[in-house]
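Below, chains carry the letters A, B, ... as their sequence lines are ordered, and counting in each starts from 1.
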Amino acid sequence: MSGRGTSFWLMKSEPDSFSIDDLQRRPAQTEAWDGVRNYQARNFMRQQMRVGDQAFFYHSNCEQPGIAGLMRIASEAYPDPTQFERGHHHYDPAARPEEPRWFLVDVRFERKLSRVITLTELREHAGRLPGFRLLAPGNRLSILPVSPAHWRYILKLE
DNA sequence: GCCAACGTTGGC
DNA sequence: GCCAACGTTGGC
C-alpha cells in the first residue's frame, strides 16, 4: 500500500488500566500500546497504521465511555514483548520469539479533549456517521479505522 | 456484577 | 470442517 496520506483510528483502553492521563505522564508522553490480542486489531496495526497517523484515545468499560483525547502513532508495528513474558496477564504460550503472533505500535500523547465525547453522544449522531464501526451492533474491536469525514465531524462536537 | 455478542479452541 | 464450549469484551 502506498501513496496514502495519514489515516485516522480509534483505540480503546480501560482507563482503570491505562488512561489518557497516564499517557500524558509517560516519558516523552509516549507508550507502547501492548496487550492487543485480536487478529483484526493486530492487522490494522501491522498493515495499515503509519507513523504520524492520528488516533482517538477511547475510554472503555468505565463510568463514562467515550473519546477522551488525541494521539499520534509513533512507531511502526513491532512484536509485543508481553506475549513472551511467562506469568504476564497477556502471556501467550503459543507465541514464539522467532514467530511472534502479537504486535503493537507506540503512541504519543497529543492532547486531551476539552471534554469527553461520550458514546451516548456519538450514538445520537449515528445518522451522520454511517459505517462508523464503533457504533456497529456488537462491536468489540479495540482498534478500528475512522474515516477522515467522521474524524472531522466528531472533533467538531468537542 | 451481569450478560449479550463475539472470537477462538478443540473434540469429533 | 463443524460446532459446542469457553473466554473475553465492554456497555449498562
Side-chain angles (χ1 to χ4, degrees), chain A residues 7-26 31-49 53-73 75 77-147 150-151 153-158:
Chain A
S7 300
F8 301 94
W9 304 95
L10 181 145
M11 300 170 78
K12 299 179 184 176
S13 178
E14 301 189 13
D16 288 348
S17 306
F18 188 72
S19 71
I20 186 76
D21 295 311
D22 295 324
L23 179 59
Q24 186 171 15
R25 285 192 292 263
R26 281 293 191 272
E31 179 73 336
W33 197 268
D34 63 18
V36 172
R37 295 294 182 269
N38 170 281
Y39 286 107
Q40 218 178 336
R42 179 202 72 176
N43 291 344
F44 283 136
M45 290 194 289
R46 284 186 81 180
Q47 299 167 1
Q48 296 186 38
M49 276 188 180
D53 282 358
Q54 288 187 274
F56 289 132
F57 194 126
Y58 180 91
H59 284 173
S60 69
N61 199 16
C62 59
E63 194 171 334
Q64 195 179 52
I67 297 167
L70 307 182
M71 52 192 178
R72 290 262 181 194
I73 306 309
S75 78
Y78 60 96
D80 181 343
T82 64
Q83 71 193 298
F84 306 124
E85 293 172 22
R86 201 174 287 273
H88 192 283
H89 184 239
H90 292 125
Y91 175 63
D92 182 348
R96 331 206 111 271
E98 61 274 20
E99 195 180 351
R101 286 178 118 185
W102 305 114
F103 288 73
L104 53 71
V105 295
D106 293 343
V107 296
R108 181 177 303 120
F109 177 85
E110 189 142 293
R111 69 176 177 89
K112 289 177 72 169
L113 298 190
S114 56
R115 64 183 186 85
V116 173
I117 299 174
T118 64
L119 177 61
T120 305
E121 185 177 357
L122 289 167
R123 286 217 177 97
E124 290 165 1
H125 292 268
R128 298 291 303 276
L129 299 166
F132 185 31
R133 297 181 66 169
L134 182 75
L135 304 179
N139 160 70
R140 292 178 307 148
L141 257 190
S142 64
I143 295 177
L144 49 97
V146 180
S147 77
H150 289 176
W151 177 273
Y153 183 82
I154 291 165
L155 270 185
K156 281 187 187 148
L157 301 176
E158 183 182 6

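No donor-acceptor contact under 3.5 Å links the side chain of Arg37(A) to the base of dT8(C).
Using a 30° and 60° split on the angle between ring planes, Trp151(A) and Phe56(A) fall in the parallel class, below 30°.
Atom CZ in Arg140(A) sits roughly 8 Å away from atom P in dT9(C) (whole-Å rounding). For Glu14(A) and dT8(C), the CD to C1' distance is 10 Å, given to the nearest whole Å. For the pair Trp102(A) CH2 and dT8(C) C1', the interatomic distance rounds to 12 Å; values are reported in whole Å. Atoms CG (Asn139(A)) and P (dG10(C)) sit 8 Å apart, rounded to a whole Å. As rounded to whole Å, 14 Å separates atom P of dT8(C) from atom OH of Tyr39(A). One interatomic measurement links the two molecules: CG of Asp92(A) to C1' of dG7(B), which rounds to 14 Å at whole-angstrom precision. Met11(A) has its CE atom 17 Å from the C1' atom of dT9(C), to the nearest Å. Remark: C1' of dT9(C) and CZ of Arg133(A) are 15 Å apart, rounded to the nearest angstrom.
In the set dG7(B), dG10(C), dC12(C), dG7(B) carries the atom at the smallest distance from any side-chain atom of Asn38(A). Considering only side-chain atoms of Arg101(A), the nucleotide from dT9(B), dC12(C), dG7(B) that sits closest is dT9(B).
Note on Leu141(A): only backbone sugar-phosphate atoms sit closer than 4.0 angstrom, heavy atoms only; bases stay farther off.
Counting heavy atoms from C-beta outward, Phe57(A) and Leu113(A) have side chains that stay 4.5 Å or more apart.
No donor-acceptor pair closer than 3.5 Å links the side chain of Asp92(A) to the backbone N or O of Gln83(A). A donor-acceptor distance shorter than 3.5 angstrom exists from the side chain of His59(A) to the backbone of Ile20(A), with no hydrogens or angles considered.
OP1 or OP2 of dG11(C) has at least one side-chain nitrogen or oxygen of Tyr58(A) nearer than 4.0 Å. One finds a side-chain N or O of Lys12(A) lying less than 4.0 angstrom from the OP1 or OP2 phosphate oxygen of dG10(C). For Arg123(A), a side-chain nitrogen or oxygen approaches OP1 or OP2 of dC12(C) to under 4.0 Å.
Both Asn61(A) and Ala136(A) lie near DNA chain B, and the one whose nearest nucleotide falls closer to the 5' end is Asn61(A).
Taking 4.0 Å as the cut-off between side-chain N and carboxylate O, Asp80(A) and Arg42(A) do not count as a salt-bridged pair.
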